[in-house]
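Since we're looking at a predicted model, the values are computed, not measured.
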Amino acid sequence: MIERPTTRWRDRIAKQQAEVAAGTLAPDKAYASELWPPAFTAAVDAVLAGYERDIAAADTSSDDAVWAAVEKVVVGLNTADEPFGAIETGEREQLADYIDAVLTGAGVDVAALTGRRGRDRSELTDAWRAW
């Protein structure tokens with residue numbers, strides 16, 4: 001299974017909390033919980049879980065089915081991020097890489113998929129992305 005960005009975010013928060021508790025990190029240097037608040041991380045995690053289910057159930061030989069799943073996950077992430085504004089450059093890159101990796105893991109040739117729409121692979125999420 002491909003690791004979700006939310007797993008890395010939670011791990012970073014836990015690591016910093018442990019370091020603060022051990023006295024090896026000053027509390028004002030523990031930034032992770034501010035970058036990825038629990039409610040934001042949970043919302044993103046739910047959207048990504050839905051995307052995984054959608055791709056697992058999709059006819060991945062159908063461009064339309066794959067594009068519909070990509071649109072759904074991106075719009076869902078837009079909604080999840082709206083109250084927080086937490087998706088910045090690093091998160092955007094991680095999420096876009098994850099969306100691509102899930103497709104690749106399901107056997108989709110993402111470069112060919114995007115190429116058939118006159119897009120570069122790096123533009124997979126661009127049509128709907130607000131982050």
Side-chain angles (χ1 to χ4, degrees):
M1 178 57 70
I2 301 158
E3 184 179 69
R4 293 181 194 158
T6 50
T7 300
R8 291 191 299 272
W9 302 343
R10 284 187 182 106
D11 289 349
R12 177 75 58 89
I13 291 168
K15 181 177 186 242
Q16 288 185 355
Q17 288 173 338
E19 290 172 343
V20 167
T24 59
L25 181 68
D28 64 331
K29 300 293 183 187
Y31 62 87
S33 61
E34 292 177 27
L35 287 179
W36 310 300
F40 164 74
T41 303
V44 170
D45 209 38
V47 172
L48 297 180
Y51 174 61
E52 292 167 6
R53 287 189 301 274
D54 289 346
I55 293 301
D59 173 6
T60 56
S61 67
S62 165
D63 282 6
D64 289 340
V66 173
W67 281 112
V70 171
E71 178 180 7
K72 183 178 175 184
V73 70
V74 172
V75 170
L77 290 169
N78 290 344
T79 301
D81 186 48
E82 193 170 285
F84 302 97
I87 300 177
E88 297 189 12
T89 303
E91 292 81 12
R92 180 178 62 242
E93 291 172 358
Q94 292 172 31
L95 290 165
D97 287 348
Y98 178 79
I99 291 166
D100 183 308
V102 169
L103 292 178
T104 300
V108 175
D109 181 340
V110 178
L113 174 76
T114 54
R116 288 190 290 275
R117 292 234 174 145
R119 297 181 187 171
D120 184 77
R121 183 178 193 149
S122 66
E123 299 172 309
L124 178 64
T125 62
D126 289 3
W128 310 281
R129 185 169 43 93
W131 32 273

When rounded to the nearest 0.5 angstrom, what is the spacing between CG in D109 and OG1 in T114?
8.0 Å
Please name all residues satisfying side chain to side chain contact (heavy atoms under 4.5 Å, CB included) with P37, sequence neighbours left out, ordered by chain then number.
F40, F84
So how far is it from L95 CG to T125 OG1, rounded to the nearest 0.5 Å?
9.0 Å
Could you pull out all residues at least two apart from E91 that satisfy salt bridge (charged side-chain N to carboxylate O under 4.0 Å, His left out)?
none
What residues form a ring-ring contact (aromatic ring centres under 6.0 Å, His included) with W36, not counting sequence neighbours?
W9
Partners passing salt bridge (charged side-chain N to carboxylate O under 4.0 Å, His left out) against R8 (at least two apart in sequence or in another chain)
E3
Taking only residues two or more places apart in sequence, or in another chain, which ones meet R121 in a salt bridge (charged side-chain N to carboxylate O under 4.0 Å, His left out)?
D100
Look at the side chain of D81 and the backbone N and O of I87, then say whether any donor-acceptor pair between them is shorter than 3.5 Å.
yes
What side-chain donor-acceptor pairs closer than 3.5 Å can you find for residues 12-30, not counting sequence neighbours?
unit_1: R12; atom_1: NH1; unit_2: Y31; atom_2: OH; d: 2.6
unit_1: K15; atom_1: NZ; unit_2: E19; atom_2: OE2; d: 3.3
unit_1: Q16; atom_1: OE1; unit_2: Y31; atom_2: N; d: 3.1
unit_1: Q16; atom_1: OE1; unit_2: A32; atom_2: N; d: 2.9
unit_1: T24; atom_1: OG1; unit_2: E19; atom_2: O; d: 3.2

So, using side chain to side chain contact (heavy atoms under 4.5 Å, CB included) as the criterion, who are the partners of E123 when residues are at least two apart?
R119, D120, D126
Find the distance between CD1 (I55) and CD1 (I99) and round it off to the nearest 0.5 Å.
9.5 Å
Can you tell me how far apart CD (Q94) and OG1 (T89) are? Round to the nearest 0.5 Å.
11.0 Å
Taking only residues two or more places apart in sequence or in another chain, which ones pass salt bridge (charged side-chain N to carboxylate O under 4.0 Å, His left out) with D64?
R117
ring-ring contact (aromatic ring centres under 6.0 Å, His included) contacts in which one or both residues fall within residues 91-124, not counting sequence neighbours
none
Mind listing the side-chain donor-acceptor pairs of residues 65-79 below 3.5 Å, one per line with the distance, residues two or more places apart or on another chain?
unit_1: E71; atom_1: OE2; unit_2: W128; atom_2: NE1; d: 3.4
unit_1: K72; atom_1: NZ; unit_2: D54; atom_2: OD2; d: 3.2
unit_1: N78; atom_1: OD1; unit_2: A130; atom_2: N; d: 2.9
unit_1: N78; atom_1: OD1; unit_2: W131; atom_2: NE1; d: 2.8
unit_1: N78; atom_1: ND2; unit_2: W128; atom_2: O; d: 2.7
unit_1: T79; atom_1: OG1; unit_2: V75; atom_2: O; d: 3.1

Quick one: does L48's side chain get under 4.5 Å of V102's, heavy atoms only?
no
Using every non-hydrogen atom in the two residues, find where V47 and A80 come nearest and quote the distance to one decimal.
CG2-CB, 4.4 Å
Just to verify, what does R53 make a side chain to side chain donor-acceptor pair (under 3.5 Å) with, not counting sequence neighbours?
none
The criterion is side chain to side chain donor-acceptor pair (under 3.5 Å); which residues satisfy it with S62, sequence neighbours excluded?
none
